[in-house]
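Just follow the structure's listing: the first ligand is 1, and inside any ligand the first atom is 1. All values reported here derive from a predicted model rather than from experimental measurement. Both backbone and side-chain heavy atoms feed into the values below; hydrogens, waters and symmetry mates do not.
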Amino acid sequence: MKIHDFKRKKDEQQKISMITCYDYPSACIVAESNIDCVLVGDSVAMAVHGHETTVTATMEMMILHTQAVARGLNQQFLISDLPFLCHKSSLSHTVENVKRLLQAGAQAVKIEGADADTCQTISHLVNAGVPVIGHIGLTPQSIHQLGGFKIQGKNQEQAEQLLQQAHQLEAAGCFALVIECVPQQLALTITESLSIPTIGIGAGFHTDGQVLVWHDMLGLQTEFNPKFVKRYLQGKELLLGALNAYAQQVQQVNFPTAEHSF
Ligand code: KIV
């Protein structure tokens, strides 16, 4: 998938599938799938590094994981997250951070939030030739300000604010918009009022596409169970079964056999 396919898919009413990915072997599997695009999300800090929030994601983390994923993909469009506050200190610092992500193999960056400064920064990046995807609703980098992982845009005032943010991000030049954890009716209103596609997570089925976190959709973690996650595999159970079978065979001297020996 190429950047222009995002808008084309929306115009042709074809849904866009996005998955997060953080490492080379997983990216090789995605490369053989029908998934449209891949996000090296700053959720890597939680899903892979075991942190409580995404606030701890660093540029170094994002670069390393982006490089690994880029090596495994061939067709899918690759987006990387700009981590917490990495677009806030100065424009030149932001440009340097974005350059590092693109040089690591990303084809676009995702930036959370839609305050005036962020929109101005996005506009500057887009004018400089960087594709940017916005992210509104539950923006996990603002978790301490939001007071937890909660659904956003529930009342009229918040809903109007999110709609306004969506328009500001479109005007700033975003080629698409992630909408996280909002009522599906609001996601519909936003999706219908934009010419760029919306990618939802916890935002219902009206958005132009969906994104899920790798470890959630494959059931590789079972501690975090939000309503919007669908498990397409009982990954943890399958892995546990394999690990225990191996441990048992080692204990019982059933592995290695002649087949695996020289
Ligand atoms: O970091 C991430 O994985 C994300 C997606 C959940 C949209 O931002």
Side-chain angles (χ1 to χ4, degrees), residues 6 15-23 26-27 30 35-66 68-69 76-87 97 101 104 106 108-114 118 122 131-143 146 148-153 162 165-166 169 174-182 187 190-191 196-204 207-218 220-221 224-232:
F6 281 85
K15 297 282 186 182
I16 299 165
S17 55
M18 183 188 285
I19 186 75
T20 70
C21 188
Y22 315 105
D23 60 67
S26 305
V30 176
I35 295 278
D36 292 314
C37 55
V38 171
L39 170 68
V40 181
D42 59 358
S43 51
V44 68
M46 299 170 74
V48 176
H49 293 268
H51 291 282
E52 294 273 304
T53 71
T54 60
V55 169
T56 46
T58 62
M59 278 303 299
E60 285 62 39
M61 234 184 235
M62 297 310 299
I63 288 167
L64 204 64
H65 290 282
T66 299
V69 171
Q76 284 86 4
F77 193 79
L78 179 56
I79 303 164
S80 274
D81 254 331
L82 201 56
F84 183 51
L85 296 183
C86 284
H87 61 288
N97 285 335
L101 288 178
V109 292
K110 179 163 77 59
I111 298 183
E112 286 189 16
T118 299
I122 290 174
V132 179
I133 178 166
H135 184 159
I136 59 168
L138 172 55
T139 44
Q141 292 174 8
S142 311
I143 196 71
L146 298 175
F149 293 98
K150 295 178 192 159
I151 187 155
Q152 303 295 305
L162 283 173
Q165 288 179 353
L169 288 169
C174 284
F175 71 92
L177 188 59
V178 169
I179 307 179
E180 181 163 351
C181 281
V182 303
I190 295 174
T191 299
I196 57 171
T198 55
I199 312 289
I201 174 162
T207 51
D208 299 301
Q210 299 291 329
V211 55
L212 280 177
V213 168
W214 181 267
H215 296 72
D216 296 344
M217 71 86 72
L218 294 175
L220 294 170
Q221 67 80 25
F224 179 63
N225 277 316
K227 179 179 158 93
F228 61 80
V229 168
K230 178 168 176 182
R231 284 205 193 121
Y232 287 83

Task: Residue part near ligand 1, for H135, under 4.0 Å between non-hydrogen atoms - done: side chain
Task: Student check: side-chain heavy atoms of K150 and L138 closer than 4.5 Å - done: no
Task: Qualifying salt bridge (Lys or Arg N to Asp or Glu O under 4.0 Å) pairs with a residue from residues 43-56, counting only residues at least two apart or across chains - done: none
Task: Heavy atom of K110, distance to ligand 1 below 4.0 Å - done: yes
- [ ] Run through V132, I111, I133, I122 and flag the one making a side chain to side chain contact (heavy atoms under 4.5 Å, CB included) with L169.
- [x] I122
Task: E180: side-chain hydrogen bond (donor to acceptor under 3.5 Å, both in side chains) partners, not counting sequence neighbours - done: H135
Open item on the list: Could you tell me, atom by atom, which parts of ligand 1 come under 4.0 Å of a heavy atom of D81?
Closed with: 1 (O), 2 (C), 8 (O)
Open item on the list: Out of S43, G200, G41, who is nearest to atom 3 (O) of ligand 1 when you count heavy atoms only?
Closed with: S43
Open item on the list: Using a 4.0 Å cutoff against the non-hydrogen atoms of T20, which atoms of ligand 1 qualify?
Closed with: 3 (O)
Open item on the list: Does any part of the side chain of D208, heavy atoms only, come nearer than 4.5 Å to the side chain of I199, both counted from C-beta?
Closed with: no
Open item on the list: Taking distance alone, with N or O pairs closer than 3.5 Å, would you say Y22 contacts ligand 1?
Closed with: no
Open item on the list: Give me the nearest non-hydrogen protein atom to atom 6 (C) of ligand 1 as residue plus atom name, then the distance to 0.1 Å.
Closed with: I201 CD1, 3.7 Å
Open item on the list: Using a 4.0 Å heavy-atom cut-off, which part of V44 comes near ligand 1: side chain, backbone, both, or neither?
Closed with: neither
Open item on the list: Check contact between M18 and ligand 1, using heavy atoms of the residue and a distance below 4.0 angstrom.
Closed with: no
Open item on the list: For atom 5 (C) of ligand 1, tell me which residue out of L138, I79, D42, L39 has the closest non-hydrogen atom.
Closed with: L39
Open item on the list: Would S43 and T20 count as a side chain to side chain donor-acceptor pair (under 3.5 Å) here? Give the steps.
Closed with: CA-CA 8 Å; S43 51; T20 70; 4.7 Å; no
Open item on the list: Counting the benzene-type ring for Trp, do H215 and F224 have ring centres under 6.0 Å apart?
Closed with: no
